[in-house]
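In what follows, a single structure is set out as structure tokens and then discussed.
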Amino acid sequence: MGPHPPARARCCSFEDYQQTTEWLLSRTSLRPRVAVICGSGLGLLAEPLQNRQSFRYQDIPNFPLSTVQGHEGRLVFGTVKEQPCVFMQGRFHLYEGYSLCKVTFPVRIFKLMGVHTLVVTNASGGICPDFKVGDMMIIKDHVNLPGFAGQHPLSGPNDERFGVRFPCMSDAYSAALRRLALEISGELGCTTFTREGVYCMVSGPNFETVAEARMLQVLGSDSVGMSTVPEVTVAKHCGIRVFGLSLITNKVCMDYSREEKLNHEEVLNISEMRVETVRKLVHELVARCHAPEQGINTH
Ligand code: HPA
């Protein structure tokens with residue numbers, strides 16, 4: 001051993017990513033170009049799909065397992081209006097005890113399978129005072145709060161086969177796809193409850209204290225949740241274009257006098273109430289999003 005201690009190893013090697021990719025590609029003839037991660041209570045985004053083929057996470061080599069209610073734990077392949085895609089019914093969270101390397105494991109599998117666009121969805125709490133429960137927020141940017149504290153999916157040795165050491169994040173959410181989503185929202189008659197804003201990730205699992213919620217507002221957050229940012233960061237690192245949609249399932253408590261107390265069931269109920277609308281928007285977006293042009297920054 002040299003004079004310096006070895007850098008902290010990542011828990012997934014390039015061979016692990018390759019093995020999982022080959023396992024999946026040898027079991028389906030579908031070659032997905034768009035991947036969708038379904039947020040809490042939004043598993044039905046993966047229905048209906050044509051040419052549907054699904055795999056349970058427990059059967060896929062190296063895949064973590066979903067431990068949270070409202071997250072099914074299935075990878076579903078299929079086509080939406082001819083667009084070959086793959087849906088994650090259930091994602092992984094930091095608060096489940098997974099490393100961020102594991103949380104983002106599927107994103108690199110998508111990259112190796114040839115995915116060019118990732119659609120991330122989640123349930124979040126509204127911080128912006130104008131937001132109402134049931135609003136859909138197109139994510140225009142994020143605050144990676146765990147990242148500030150050293151919980152970052154790209155920490156450790158960088159694998160140049162995926163991307164550069166210091167990736168640019170100033171255009172994390174594709175402007176072209178945000179415009180397309182606004183257009184589709186108009187066609188679907190959803191303009192009155194479609195918003196745009198900044199999503200802030202906290203590690204959870206507790207919901208915020210009043211003081212924390214006020215702090216997040218000062219930091220420029222419009223909504224807060226416990227996911228999404230690690231997957232988006234890893235996608236951006238390896239050159240996958242990103243679109244994010246956050247469903248506002250509750251108003252975050254900013255006031256000590258408020259009586260009602262938030263719980264996970266409420267989050268799931270609102271997600272399930274809105275899932276059909278979110279599904280229409282996501283499916284239309286998936287169907288209409290073409291591969292981005294190489295080499296030109298049209299994102
Ligand atoms: N805070 C954090 N995560 C959440 C919330 C919230 O209010 N609602 C849904 N996910």
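We count ligands from 1, going down the list as the structure has it; atoms in each ligand are counted the same way. One-based numbering along the sequence shown. Bear in mind that the values here come from a model prediction, so they are computed numbers and not experimental data.
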Exercise. So, Thr104 and Glu231: side-chain donor and acceptor under 3.5 Å apart, yes or no?
Worked result: no
Exercise. Within the distance-only criterion (no hydrogens, no angle test), does the side chain of Glu212 pair as donor or acceptor with the backbone N or O of Thr209 below 3.5 angstrom?
Worked result: yes
Exercise. By number and element, which atoms of ligand 1 are closer than 4.0 Å to a non-hydrogen atom of Val252?
Worked result: 7 (O)
Problem set entry | Distance flag, aromatic centroids of Phe105 and Tyr98, threshold under 6.0 Å | no
Problem set entry | Short N-O contact, Lys280 and Glu187, less than 4.0 angstrom | no
Problem set entry | Side-chain (Asp222) to main-chain (Val198) donor-acceptor, under 3.5 angstrom | yes
For this session: Specify the protein heavy atom at minimum distance from atom 2 (C) of ligand 1: its residue, its atom name, and the distance to 0.1 Å.
Result: Glu208 OE2, 3.3 Å
Problem set entry | Within the 6.0 Å centroid threshold, strictly below: Phe77 and Phe87 | no
Exercise. Can you tell me which residue and heavy atom of the protein come closest to atom 5 (C) of ligand 1, and the distance to 0.1 Å?
Worked result: Gly125 N, 3.4 Å
Problem set entry | Ring centres under 6.0 angstrom apart (Phe92, Tyr57) | yes
For this session: Determine whether the side chain, the backbone, both or neither of Asn122 has a heavy atom under 4.0 Å from any heavy atom of ligand 1.
Result: neither
Exercise. Which of the numbered atoms in ligand 1 are below 4.0 angstrom from a heavy atom of Met226?
Worked result: 2 (C), 3 (N)
Seminar exercise, completed: Ranked by distance from atom 10 (N) of ligand 1, the top protein heavy atom is Ala123 O, 3.4 Å
For this session: Looking only at protein heavy atoms, identify the closest one to atom 4 (C) of ligand 1 and say how far it is in Å.
Result: Val224 O, 3.6 Å
For this session: Could you see which bit of Ser124 sits under 4.0 Å from ligand 1, with heavy atoms only: side chain, backbone, both or neither?
Result: backbone
Seminar exercise, completed: Atoms of ligand 1 under 4.0 Å from any heavy atom of Thr249, numbered from 1 in the order shown, are 8 (N), 9 (C)
Problem set entry | atom 8 (N) of ligand 1: the protein heavy-atom neighbour that sits closest, reported with distance to 0.1 Å | Asn250 OD1, 2.7 Å
For this session: Identify the protein heavy atom lying closest to atom 3 (N) of ligand 1, giving its residue, its atom name and the separation to 0.1 Å.
Result: Gly225 CA, 3.4 Å
For this session: Could you tell me whether the side chains of Arg241 and Thr117 share a donor-acceptor contact shorter than 3.5 Å?
Result: yes
